[in-house]
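In what follows, a structure is listed as structure tokens, so that the remarks can point back to it.
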Amino acid sequence: MYELFVNGDRIGDLELTPGFTAYRSRLQVQPYDVGGALGPGANAVEILLSDGWFRGRHGFERAADGFGDRTAALLAIEVALQDGRSMTVTTGPGWWSRPGHVVAADLMDGQRTDLRLTGAASLDEPGWSPARPVSHGLYARRDRLLLTEAPPVRSVAELRPVRVARLDAETVVADFGHNINGRVRLSGLGPRGTEITLRHGEHLDADGRLDTEHLRAFVFTTGERLPAGQIDSVVSAGRPEDVFEPRHTTHGFRYVEIHGHPGPLGADDVTAVEVRSDLAATGRFACDDARLEALHQAAVRSFQANACDIPTDCPQRERAGWSGDWQVYVQAAALTHDVAGFGAKWLRDLAADQWPDGTVPNYSPNPSGPGPVAGSFSDTLHGSAGWGDAAVLVPWELWRAYGDLDLLERQYDSMRRWVERAATAAREGRHPARAAARPRPAPHERYLWDTGAHFGEWLEPGVEPALGDGTDHGAVATAYLAHSADRLGRVAGLLGRTADEERYARLAHAARDAWQREFLTPDGDLVIDTQATHVRALAFRLVPGELRDRVAGRLAALVEAAGHRVGTGFLSTGLLLPALADTGHLDAAYRVLLSTGVPSWLEMLDRGATTIWEWWDGVQDGRARGSLNHYSKGAVVSFLYTHVAGLRLPECPGLDEAGYRRFIVQPRPGGSLTWARAEHRSPYGPIRCHWRLEREALELTVDVPPGTQAEIRLPGGQVLYRTAGRHRVRARALPTSEPD
């Protein structure tokens, strides 16, 4: 990671450069205009280097030196002189180096700074030695250097604390009101030699002290608990004007515990700086239930905190680009933010990290690169269903939202190789328990994917998560094989690959048939009687049309038996409410959405959540559990747009429909709501829909941008088609209990 200075002035406003990519294949470079910083005569150019993602620690194993054990910089300055001549200065022989005032920096552990080591850049100062030109072999290839296609990481906002509490003579806790990803700026650093420590976290214990015990990761192979990290420290140089702001790390936090500050420390002396990818906001939602507006805000905050050059799972404990998290949330993200470039950049890295056999890593960028590394426990888990399927389902959702056919073309080989890998695993393996019970495989088992390491539904309420315990996840994996093969076949059709379109349509049909023969009885009962299995059966259209009502009815019954609370885990939570609403159980969907108690979304808010929790019971009896900033369960905000407000895209848009060329407006009033509105800034302009119930009438206003068409579906079955302009419609408000 680098910062660039010319004559002591920091160049640019980008953060965490050059960013996180699959470094063995792709390294981002940034251009800057430095002409205004240059002056007559000698000019000083400095590069401040730290470990960054390249050799720092990240991921749930927090291993260091993931991509290499040395840092280096590559820079070229091209200068056009006033007399018409030009000159180029590049890194190489003749450069000098010295240890800087940033003593240590790590994205997990934090940054240590000694301001006494700052000073003039003159080479006459002690401590300089000739810089060593190094060859990083693979990393020195010029063909892997690229300009990023994603919005850069920036400091996007500043927060003053809502409360500053002194715990004792040495310790103060500042509360910034809600969770963010970023850092803290601190002033009033005291006399020379004063050492101040800042600990960051999401939760306070009963005594008001910072509690980070729940953020300690553990090593799966040994059970060792790792430190929570997120600790910055600074040694003062005694200069009154000095300010400490660690730019070579970020943390996930709401609270900062400051130890050793000479004080007094007020709200003006400490500032939280929010650091994330500078994504344009594209979606807004509002309604007459403040709890749903708060849920929307919590999910948006959670996504923003986890959009830091890559889509991470959490901004504090792991900071890894988990594919499953992005797969389940990308649709919601594309409703609230412009994630076209952000998603495309990450997909390039996912493809670069993909193994020769088509295995997709569970997170990317992956330090192991495009293949397993001996002794790496995490490498034994890659290729999990629902996680690896991000290679297919993320491009598909980006196609729906932005209509970028070039993206599908570029990712097609990665998509195809993943589906072929899953199909091969289904064809060549059998789960030991199934083989023991049925020594001779049934014909359909050729398409039954029941082997390999899978996370399964993961964090399903009442189910203890386990890895590598031999559980048969065939119901989940085969469902994803059918779903991804279907989507891949549709992409092949869009790209004009007729043979592949037919091949993957057949594969999807065969996998769907295998799933039905194994997990669906002739009467329409599912062998695995859980909410998640029923949701997936409906959302992925795994059951025949004549049995959908029975499966949907059983899902509604399971929801009712659970007190109209969520019974799903990681993969299917975002699909639960649409599965109910679209099969004639809209009332049940609203009851789940508005329920309280564990597990539910509103219970998180009632217990003080400002972002979405990893566990449904993330805070219980004052104690925190797991990450309190994990956006995956926030995928429910899609329902707020697509059903509550009623703005959605066709499920499988054609070439002239994707990217909001055609969209559907179908308000689904429910609960006690009397109005709702949503706005989305599409590639063609802003789309707005606003409905209000007036006595027995639904009043609807829709703004349709130029070049698009709205399909307005009204209660009672009436359908209107409208092009550019503002359209007002009034219809009788009928109960919407019919299937969609």
SB check [X] [Y] (cutoff 4.0 Å):
| X | Y | result |
| --- | --- | --- |
| R183 | E15 | yes |
| R163 | D175 | no |
| D109 | R57 | yes |
| R276 | E274 | yes |
| R185 | E158 | yes |
| D69 | R55 | no |
| D207 | R209 | no |

Any side-chain donor paired with an acceptor under 3.5 Å for [X] and [Y]?
| X | Y | answer |
| --- | --- | --- |
| Y363 | S378 | yes |
| S364 | D353 | yes |
| H630 | N306 | no |
| S236 | R116 | no |
| H203 | E213 | no |
| E457 | T568 | no |
| R160 | T271 | yes |
| S627 | Q316 | yes |

Looking only at atom types and distance, does a side-chain atom of [X] sit under 3.5 Å from a main-chain N or O of [Y], one as donor and one as acceptor?
| X | Y | value |
| --- | --- | --- |
| E460 | G569 | no |
| T148 | A150 | yes |
| Q230 | G252 | yes |
| D242 | L189 | no |
| R623 | G618 | no |
| D617 | Q620 | no |
| H261 | T171 | no |
| S277 | V153 | no |
| S632 | E614 | no |
| Q327 | G386 | yes |

Tell me if the centroids of the rings in [X] and [Y] come within less than 6.0 Å of each other.
| X | Y | result |
| --- | --- | --- |
| H337 | F342 | no |
| H200 | F176 | no |
| F54 | Y23 | yes |
| F570 | W387 | yes |

Applying side chain to side chain contact (heavy atoms under 4.5 Å, CB included) between D232 and each of R112, H251, E245, report the one that passes.
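When R112, H251, E245 are each tested with D232, the side chain to side chain contact (heavy atoms under 4.5 Å, CB included) holds only for H251.
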Within a strict 4.5 Å, meaning less than it, do heavy atoms of the [X] and [Y] side chains meet?
| X | Y | result |
| --- | --- | --- |
| L16 | D309 | no |
| W616 | V566 | yes |
| R26 | L146 | yes |
| T194 | V235 | no |
| L14 | Q30 | yes |
| Q304 | V156 | no |
| T21 | K345 | yes |
| I47 | E3 | no |

Derivation of the side chain to side chain donor-acceptor pair (under 3.5 Å) call for D379 and S368:
CA-CA 8 Å; D379 282 353; S368 294; 2.8 Å; yes
Would D106 and H248 satisfy side chain to side chain donor-acceptor pair (under 3.5 Å), going step by step from the backbone distance to the final call?
CA-CA 7 Å; D106 186 89; H248 290 246; over 6 Å; no
Run the side chain to side chain contact (heavy atoms under 4.5 Å, CB included) check on L295 and L593 step by step: do they pass?
CA-CA 10 Å; L295 175 60; L593 175 64; 4.1 Å; yes
Please test H178 against F253 for ring pair (Phe, Tyr, Trp, His ring centres under 6.0 Å), starting from the C-alpha separation and ending with a verdict.
CA-CA 8 Å; H178 61 81; F253 68 99; 9.9 Å; no
Looking at W613, is K633 sitting on its ring face, NZ or CZ under 6.0 Å from the six-membered ring centre and within 45 degrees of the normal?
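Not satisfied by the 6.0 Å and 45° rule.
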Take atom CZ in R284; do more than 12 heavy atoms of anything else shown fall under 6.0 Å from it?
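Check fails, neighbour count at 12 or below.
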Does CZ in R166 sit with more than 12 non-hydrogen atoms of other residues, nucleotides or ligands closer than 6.0 Å?
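Result for CZ/R166: enclosed.
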When the ring planes of Y329 and Y631 are compared, do they come out parallel, tilted or perpendicular, using 30° and 60° as the limits?
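Rings of Y329 and Y631: tilted, as their planes differ by 30° to 60°.
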Could you label the plane-to-plane angle of the Y32 and Y2 rings as parallel, tilted or perpendicular, counting under 30° as parallel and over 60° as perpendicular?
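Rings of Y32 and Y2: perpendicular, over 60°.
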To the nearest 0.5 Å, what is the distance between OG on S302 and CG on N181?
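S302 OG to N181 CG: 11.0 Å, rounded to 0.5 Å.
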Output the distance between atom CG (L204) and atom CD (E257), rounded to the nearest 0.5 Å.
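Nearest 0.5 Å value for the CG-CD distance: 8.5 Å.
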What verdict does the side chain to side chain donor-acceptor pair (under 3.5 Å) test give for R319 and T250, after you've listed the backbone C-alpha separation in whole Å, the side-chain angles of each residue and the deciding distance to 0.1 Å?
CA-CA 10 Å; R319 307 184 64 93; T250 62; 2.7 Å; yes
Go through the steps to decide whether V637 and V300 satisfy the test side chain to side chain contact (heavy atoms under 4.5 Å, CB included), and finish with yes or no.
CA-CA 9 Å; V637 298; V300 167; 5.9 Å; no
